[in-house]
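Input: a single structure, listed below in structure tokens.
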Amino acid sequence: MSVEIRGVKEMQKMLKEVASLKDIQNAVKVNTTEMHQKASRKVAVDTGHLRRSITTEFSDGGLTGRVYTDVEYAIYQEYGTRFQSGTPFMRPSLYEQRPMFYKDMERLLKK
């Protein structure tokens, strides 16, 4: 009787890729969550409806994170109208979080 195991090196490579994939998923989750928190802190609050509507969503197996709101007047709050200037909350949160996300990704790619 003999036992032969094939593909050990391929399996090790795959496991390393899976581990780094988990690291990337974690980085996406952490940065998306932090952006959600920043947007919630920056949004102008009258009734609180807009703040409560800010939502986080993950897709592509955790490789894509999305922070959004589906409230119709959010766009006017963000950009303003011809009658009032906007009070941006999403864009500043993105601009603040983006360098941190890039730094996390660079750190992971250097492993």
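Not a single salt bridge (charged side-chain N to carboxylate O under 4.0 Å, His left out) links Arg52 to another residue, sequence neighbours left out. For Asp46, there are no side chain to side chain contact (heavy atoms under 4.5 Å, CB included) partners two or more places apart in sequence or in a different chain. Judged as a side chain to side chain contact (heavy atoms under 4.5 Å, CB included), and not counting sequence neighbours, the contacts of Arg41 are Gln37, Lys38. Qualifying salt bridge (charged side-chain N to carboxylate O under 4.0 Å, His left out) partners for Arg98, counting only residues two or more places apart in sequence or in other chains: none.
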query = Going through the checks in order, is the side-chain contact (heavy atoms from CB on, under 4.5 Å) test met by Gln25 and Lys22?
reply = CA-CA 5 Å; Gln25 290 169 332; Lys22 293 286 185 193; 3.5 Å; yes
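Judged as a side-chain hydrogen bond (donor to acceptor under 3.5 Å, both in side chains), the pairs with a partner in residues 26-36 (not counting sequence neighbours) are, in order, Asn31-Gln97, Asn31-Asp104, Glu34-Gln97.
In the hydrophobic clustering of ILVMFWY residues, with side-chain heavy atoms under 4.5 Å counting as a link, Leu63 and Phe101 come out together.
Across every non-hydrogen atom of Gly65 and Val28, the tightest pair is N-CG1, 3.6 Å.
Residues Ile24 and Leu108 meet the side-chain proximity criterion, which asks for heavy atoms closer than 4.5 Å.
Around OH of Tyr68, the count of heavy atoms belonging to other residues, nucleotides or ligands within 6.0 Å exceeds 12.
Chaining together hydrophobic side chains whose heavy atoms lie under 4.5 Å apart places Ile75 alongside Met35, Val43, Val45, Leu50, Ile54, Val67, Val71, Tyr73, Tyr76, Tyr79, Phe89, Met90, Leu94, Tyr95.
Of the possible donor and acceptor atoms, one in the side chain of Glu78 sits under 3.5 Å from a partner among the backbone N and O of Arg91.
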